[in-house]
Amino acid sequence: MFNEVYDVIVVGAGHAGSEAAAAAANMGSKTLLVTMSLQNIAQMSCNPAMGGIAKGQIVREIDALGGYSGIVTDKTAIQFRMLNKSKGPAMWSPRAQSDRMRFAEEWRLMLERTPNLDFYQEMVSGLLIEDGRIAGIRTSLGIEIKSKAVVLTNGTFLNGLIHIGEKQFGGGRAGEGAAYGITEDLVRAGFEAGRMKTGTPPRVDGRSLDYSRMIEQPGDENPDKFSYSAVTKPLKEQRSCWMTYTSEEVHNLLREGFDRSPMFNGRIKSLGPRYCPSIEDKINRFADKDRHQIFVEPEGWDTVEVYVNGFSTSLPEDVQFKALRSVAGFEKVKFFRPGYAIEYDYFPPTQLKHTLETKLVEGLYFAGQINGTTGYEEAASQGLMAGINAHLKVLGKDPFILKRNEAYIGVLIDDLITKGTEEPYRMFTSRAEYRTLLRQDNADFRLTPLSYEIGLAKEDRMRRMEKKRDESEAFVNFFRESSVTPAEVNPVLEAKDTPGVTQSEKMFKIFSRPQIELEDMLKFDRVRDYIAEHDLDREVVEQAEVQVKYSGYIEKEKNNADKLNRLEDVKIPENFDYDKVKSLSHEAREKMKKIKPVTISQASRISGVSPADVSVLLIHMGR
């Protein structure tokens with residue numbers, strides 16, 4: 001096993017590593033997945049959920065590309081909710097609560113069923129680099145394994161340090177050791193390293209909670225699912241989550257421990273995620289708030305373990321316990337384990353290309369928290385892209401890069417390598433300029449053809465997508481071509497408090513009105529008959545609804561994207577000498593020399609590069 005040269009070695013088997021290994025192996029690369037614990041493949045280290053605002057779009061995109069996250073989530077979900085349904089479809093975001101144990105088990109079983117994939121359990125302590133190119137890995141037992149490409153997905157394990165109050169100890173997460181050696185090898189090779197922090201809340205015994213004092217949070221009445229494939233089905237049964245609140249009393253009890261908090265006494269020096277702060281950070285930053293939401297999330301179908309979402313903390317365990325017992329419904333709470341913070345090494349992602357290959361070492365790829373991101377979904381998407389590109393690199397094929405108008409994954413990677421990040425990066429819909437195009441409902445239309453072309457998405461996926469696309473387009477054309485008389489439509493319009501019509505109108509125009517919804521259109525026999533006659537499923541009907549109601553916005557965004565994409569076609573030569581362009585600002589020159597943008601469009605997105613700098617570059621290049 002160790003005498004052969006692998007095409008791709010993936011180090012780490014979290015969400016990024018699992019997707020990377022699956023992608024490379026499914027595309028035909030002889031792949032080795034190396035992890036410190038085969039029992040913890042794709043472990044949900046923090047909350048037992050996938051998706052959410054913008055993150056749900058990413059899971060849909062992973063699935064559309066042929067990744068496994070959506071399928072595994074569907075198979076192990078205990079609740080499904082579509083968030084932001086009261087807003088426009090660009091904001092709709094799917095989220096599923098998962099059974100933590102079954103999620104990891106299903107991931108392992110899917111990987112074990114993947115051809116071309118070998119497994120090995122040991123700590124990777126070093127990298128084999130020869131003449132600026134990756135040659136393999138070295139393990140803690142001194143075994144050297146050769147490969148043509150390596151994907152590092154180390155999560156929070158690189159020199160990981162766990163904090164609980166004034167106690168600190170090495171570890172990658174609770175109960176697991178840290179990884180040593182890789183950071184040192186990379187720094188010696190010339191990489192810049194940094195430290196980041198994340199945290200997690202206590203896990204508690206659900207039998208000790210009083211749910212009668214909380215607000216129930218059930219799943220959707222008609223739940224959807226993540227995967228566009230036919231291999232999963234929507235949930236028939238669901239488990240509820242619950243919501244409660246902290247209080248001023250809880251905040252005062254927490255403040256009593258601030259002098260022993262590693263966040264406030266200087267033990268933790270690195271930055272944590274701005275948009276998922278610890279409870280002590282929340283009450284410190286938002287001192288005017290007298291309460292904060294706490295979401296009580298079951299960890300699975302059968303376990304009594306409960307995740308206390310919103311109570312992430314690194315305060316001493318006695319302070320955590322005392323304060324949590326003052327939360328409504330938690331008066332008799334029993335801990336399974338306390339919350340903690342963890343510091344770990346990351347590498348500023350401006351050191352990467354769009355393929356996630358490092359600029360310094362050819363054939364070496366970074367994915368996940370090593371790039372400064374936070375969240376399973378962000379990690380999984382990077383792993384998928386790194387696995388795809390590592391495989392293509394080995395074969396000498398063109399790289400696979402998603403643009404900002406093609407996918408949230410494209411926005412994520414472009415943000416990372418162009419702007420960098422000094423705090424854990426999390427995806428939001430507001431980060432995307434084209435969020436009307438990048439909806440969760442059309443990820444298969446956007447990405448399955450691209451993935452099919454490179455050999456990852458399979459034939460059945462492509463045919464299924466084409467059927468859905470053709471049926472939804474035909475349904476939209478039905479609305480364009482069908483008319484309704486004033487007698488037919490005015491009662492419907494009046495009921496919705498919108499003006500009636502004086503002559504026949506196309507159904508498309510009626511349906512486009514903001515007050516009119518699908519249920520209103522279903523009052524017309526012809527619409528119901530069309531759906532029944534063509535046996536249209538919910539996905540097709542909802543897709544047609546979005547296309548009709550938001551056609552103007554969608555067309556406008558497409559035009560804007562096309563204009564900006566013209567700058568994507570203006571390539572900057574690889575060894576371009578920015579010092580020769582005297583009219584560039586000093587900051588722009590320094591930033592571009594460091595980041596080495598590939599196109600004028602990417603250069604325009606670098607922090608510190610002004611429109612004037614872009615104009616100077618275009619003139620210099622004869623544009």
Review point. Which pairs pass side-chain hydrogen bond (donor to acceptor under 3.5 Å, both in side chains) with one or both residues in residues 177-191, sequence neighbours excluded?
Key: Asn159-Glu184, Thr183-Asp345, Asp185-Arg188
Exercise for review: Give the C-alpha distance, both sets of side-chain angles, the deciding distance and a yes or no for salt bridge (charged side-chain N to carboxylate O under 4.0 Å, His left out) between Arg337 and Glu299.
Suggested key: CA-CA 14 Å; Arg337 55 186 163 106; Glu299 295 262 11; 5.6 Å; no
Examine distances only and state if a side-chain atom of [X] and a backbone atom of [Y] form a donor-acceptor pair shorter than 3.5 Å.
| X | Y | value |
| --- | --- | --- |
| Gln79 | Gln97 | no |
| Thr200 | Cys46 | no |
| Arg239 | Gly300 | yes |
| Tyr340 | Ala174 | yes |
| Arg267 | Ser261 | no |
| Lys359 | Ile595 | yes |
| Asn47 | Tyr307 | no |
| Asn252 | Glu248 | yes |

So, [X] versus [Y]: side-chain donor-acceptor pair below 3.5 Å or not?
| X | Y | answer |
| --- | --- | --- |
| Arg291 | Gln293 | no |
| Glu61 | Ser381 | no |
| Asp99 | Thr76 | no |
| Glu280 | Thr313 | yes |
| Ser69 | Glu377 | no |
| Gln369 | Thr156 | no |
| Ser93 | Gln57 | yes |

Search all heavy atoms of [X] against all heavy atoms of [Y] and return the closest pair with its distance.
| X | Y | answer |
| --- | --- | --- |
| Thr153 | Gly12 | OG1-O, 3.1 Å |
| Leu253 | Val319 | O-CG1, 3.7 Å |
| Met36 | Ala179 | SD-CB, 4.0 Å |

Practice item. Establish, yes or no, whether a centroid distance under 6.0 Å links the rings of His15 and Phe103. Key: yes
**Study point:** Verdict with supporting geometry, Ile182 and Val124, side chain to side chain contact (heavy atoms under 4.5 Å, CB included)
**Key:** CA-CA 7 Å; Ile182 290 177; Val124 173; 3.9 Å; yes
Point to revise | Pair Arg102 + Glu106: basic N to acidic O under 4.0 Å | key: no
**Study point:** ring-ring contact (aromatic ring centres under 6.0 Å, His included) partners for Phe258, two or more places apart
**Key:** Phe264
Practice item. Determine, for Trp92 and Lys87, whether the Lys NZ or Arg CZ falls below 6.0 Å from the six-membered ring centre while staying within 45 degrees of the axis. Key: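 Not flagged: Lys87 not positioned over aromatic ring of Trp92.
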Check your understanding: Do the ring planes of Phe80 and Phe226 sit parallel (below 30°), tilted (30 to 60°) or perpendicular (above 60°)?
Key -> perpendicular
**Study point:** Partner residues of Arg605 under the salt bridge (charged side-chain N to carboxylate O under 4.0 Å, His left out) criterion, sequence neighbours left out
**Key:**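 Partners of Arg605 by the salt bridge (charged side-chain N to carboxylate O under 4.0 Å, His left out) criterion, ordered by chain and then number, come out as Asp414, Glu568.
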